[in-house]
Amino acid sequence: SESGVMFYVIHQLIFEKEGVYLHTNAKRSNQDTTIPGFIRIVERDGEGGEEETKFDPGYEPDWAVISTVKQERRQEHPPWGSFSLPLSELYSLRRARFSLGRNFLVLTTRGGDPLPPLHFQRGGARELLKAMQRYIRLAPSPMDGRLFLAYPHDSGALSQSFDELHLFDDTSADLVSRFIQDPYATTFGGFSKVTNFFRGALPHTHQESPLSNRSPQDAHCPHPADEEPGFELITCGAELGPRPQVKRGKPLDNWDQFLDPEGRVIDPQKVKELVFRGGIVPSLRREVWKFLLGFYPWNSTTKEREDILRVKTDEYFRMKVQWKSVSEEQEMRNSLFRGYRSLIERDVNRTDRHNSFFSGNENPGLALLHDVLMTYCMYNFDLGYVQGMSDLLSPLLFVTQNEVESFWCLTGFMDLVHQNFEESQEAMKQQLLQLSVLLRALDPELCDYLDSQDSGSLCFCFRWLLIWFKREFSFEDILSLWEVLWTRLPCENFHLLMASSILESQKEELIGSNHDFNSILKHINELTMKLDLQSILCGAEAIYLQLTHCKLPLKVQEVLGLRVPCSSSDESPNSEPKETDTLLTQSEARGASSCQPFNGQTPQRTPPTYP
């Protein structure tokens, strides 16, 4: 059966949304007691208050809230047929999540009667509240960060934007709490050390995270034991203009033109631009990758690089001798060392075996893969070996065909992503939150749908971010993708724009087929080897150009590197923040300039433009 919530003002329909569910027993039962229906706000003349009860929606709903703007009397509502509520009688709005794990809005009348919780299956809560704010003002309660009180408009209320309410904070700490659901843990169980945080993070989520949607004065107060998690709809996002068309360029195919007579790279920025635009031809990858990954400094001469290689070779083999010289008796007394060796041996035997360089038994490529990973344990005792690192090494070894060079390229790569593999998993949580912020700004409808299916945590993107899409694209595509990402252009979080581009490309399938949590996870996993890399890269770059030419929330600016966060303590000592400031000199925004420029007071970095 179908139902509807209606907020009326006769003769003019202000708002209408179907797919809204009324929950009749949210706290007393774990059964699905939701009733589907609709919600409307209709403006009436204010004369003859009896008219609204005679409103005919065209069918008989199981329930309907009829809300008016100008009527002053309160009407009784049956449980739960058609009932009405003048907006003037609305006392409060509360965001909540009950035991079913769904997000709800709870409206309470001035008589103290709460209406049944409303669940927006297909999104639309944001639009409802925008429509409400034409007639009433919603102000946060000083006592409860999840409660918003309704007031009549006064002269100052009109200037308060919907964004200022922060009704739906895009940094809700509860975002991580759904990560421990079994389908996900099963799917990604192979990354055992990496995925341990799902169980470890949950008990600390509300106490420790600065990202929870609580008021500032309550930031250091513990949550009551019976308090429900916060409602997780996000802010209303950015005002986007048209997305420009982007085309990929030609790969870098002439290395010598960028070297001076002594072998120094004349214009590293230009090299990075060309690599970002089109990648590198296979014959040059071995040389250029060593610069992108920090093995060779950009300003080093040919002679200096020969010296570097000699020193690095000696250093590598000294570390290799350390683990090679461990006797069986010593290993028996070193459980950590045994654990690393066991993990490496197991992972090596299943890494890229379809590639000729690693296929077959007794393959020398497998021995090199094993030895480099064991040596890395000696290089980085604190991190050691974590499952997934073999996926990062194999393309490096394939391209360099050299044990020493692949090792030092791996250390450079790990300088960029080592936090992904740390046991606390704070970096992975942060990246998933940042991806959520981006997607909310780009496509609120998709975010609302994912939220409605308990997939708003984007946990299905975990593997993408952990090993930079290694399992999602073909081996050859990964060589092209990684060299683009290593340029750190146009921002250091371009991999998050890649993820956003992929998710947007799947929007029609996800929403059109009405996928639930399990089928969303299954569909995303089945994208492996089916994505077109060049299309995704173009989409990610177009998203960046679109966003950087528009007025953006501060959180989105931070993700894109357009605004320096309040604290820089999390920055890597190896990062080069200035590289994204003055990247490119010629602008070809391809239509993005029609968006609104940001005019806020927060200092921003100038977004790069493209030749």
Side-chain angles (χ1 to χ4, degrees), residues 176 179-201 323 331 334-355 357-359 363 365-398 406-407 409-432 458-473 475 478 481-482 485 495 499 521 524-525 528-529:
V176 179
F179 285 7
I180 62 172
Q181 299 194 43
D182 288 339
Y184 171 70
T186 301
T187 301
F188 297 125
F191 299 107
S192 57
K193 183 174 179 181
V194 174
T195 54
N196 283 339
F197 86 94
F198 292 119
R199 291 169 177 80
W323 67 264
E331 187 170 336
N334 191 329
S335 59
L336 186 61
F337 183 84
R338 290 199 312 273
Y340 288 152
R341 186 193 290 273
S342 176
L343 281 175
I344 290 171
E345 289 176 350
R346 184 175 62 183
D347 283 1
V348 162
N349 286 324
R350 59 187 185 187
T351 299
D352 291 323
R353 297 305 300 273
H354 61 279
N355 187 292
F357 191 77
F358 303 104
S359 63
N363 189 312
L366 296 179
L368 291 177
L369 197 63
H370 172 275
D371 289 358
V372 171
L373 292 172
M374 286 295 297
T375 306
Y376 187 83
C377 293
M378 297 292 103
Y379 173 80
N380 189 340
F381 286 102
D382 290 336
L383 182 60
Y385 177 78
V386 182
Q387 286 177 301
M389 289 168 56
S390 61
D391 281 288
L392 303 186
L393 173 59
S394 61
L396 303 175
L397 190 55
F398 173 80
S406 66
F407 172 82
C409 285
L410 176 65
T411 63
F413 196 174
M414 289 300 296
D415 285 342
L416 300 177
V417 299
H418 71 92
Q419 291 179 328
N420 290 4
F421 297 92
E422 292 177 354
E423 197 162 9
S424 69
Q425 285 303 293
E426 290 302 319
M428 289 301 299
K429 298 178 211 176
Q430 178 66 14
Q431 289 176 72
L432 287 165
L458 305 180
C459 62
F460 46 80
C461 301
F462 182 86
R463 185 176 69 187
W464 297 359
L465 308 184
L466 176 70
I467 52 176
W468 279 18
F469 308 96
K470 174 61 163 49
R471 305 281 182 87
E472 320 315 317
F473 294 98
F475 193 87
I478 284 298
L481 172 60
W482 283 3
L485 296 178
H495 64 300
L521 182 62
I524 294 298
N525 282 339
T528 299
M529 305 302 164

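Heavy atoms only: backbone and side chains are in, while hydrogens, waters and symmetry mates are out.
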- request: For F358 and V348, run side chain to side chain contact (heavy atoms under 4.5 Å, CB included): C-alpha distance rounded to whole Å, both residues' side-chain angles, the deciding distance at 0.1 Å, then the answer.
  value: CA-CA 9 Å; F358 303 104; V348 162; over 6 Å; no
field: side chain to side chain contact (heavy atoms under 4.5 Å, CB included) between L432 and C461, worked out
entry: CA-CA 8 Å; L432 287 165; C461 301; 4.3 Å; yes
4.5 Å side-chain heavy-atom contact, [X] and [Y]:
X: E345; Y: H370; value: yes
X: Y379; Y: M414; value: no
X: N525; Y: F460; value: no
X: R353; Y: L366; value: yes
X: K470; Y: P395; value: yes
X: S394; Y: L369; value: yes
X: F421; Y: I467; value: yes
X: R463; Y: T528; value: yes

Measuring from [X]:[atom1] to [Y]:[atom2], what's the distance to the nearest 0.5 Å?
X: Q419; Y: Q425; atom1: CD; atom2: CD; answer: 10.5 Å
X: K429; Y: F462; atom1: NZ; atom2: CZ; answer: 10.5 Å
X: S406; Y: L393; atom1: OG; atom2: CG; answer: 5.5 Å
X: D382; Y: E422; atom1: CG; atom2: CD; answer: 9.0 Å
X: L397; Y: C409; atom1: CG; atom2: SG; answer: 10.5 Å
X: L410; Y: L373; atom1: CG; atom2: CG; answer: 7.0 Å

Over all heavy atoms of both residues, which pair between [X] and [Y] is shortest? Give the atoms and the distance, please.
X: V417; Y: L392; answer: CG2-CD1, 3.8 Å
X: L466; Y: M428; answer: N-CE, 3.8 Å
X: E331; Y: R341; answer: OE2-NE, 3.2 Å
X: N420; Y: Q431; answer: OD1-NE2, 2.8 Å
X: D347; Y: Y385; answer: OD2-OH, 2.6 Å
X: I478; Y: W468; answer: CD1-O, 4.0 Å

- prompt: Per the ring-ring contact (aromatic ring centres under 6.0 Å, His included) rule, which among F473, F398, F413 passes with W482?
  reply: F413
- prompt: For F337 and Y340, what are the C-alpha separation, side-chain angles and deciding distance, and is it a ring-ring contact (aromatic ring centres under 6.0 Å, His included)?
  reply: CA-CA 5 Å; F337 183 84; Y340 288 152; 8.0 Å; no
task: Please confirm whether the backbone N or O of S359 pairs with a side-chain atom of N363, one donor and one acceptor, at under 3.5 Å?
output: yes
- request: Please report the C-alpha distance between D352 and F357 in whole Å, then the side-chain angles of each, then the deciding distance to 0.1 Å, and finally whether the side chain to side chain contact (heavy atoms under 4.5 Å, CB included) criterion is met.
  value: CA-CA 9 Å; D352 291 323; F357 191 77; over 6 Å; no
- request: Give me the ring orientation class for W464 and F469: parallel if the planes are under 30° apart, tilted from 30 to 60°, perpendicular past 60°.
  value: tilted
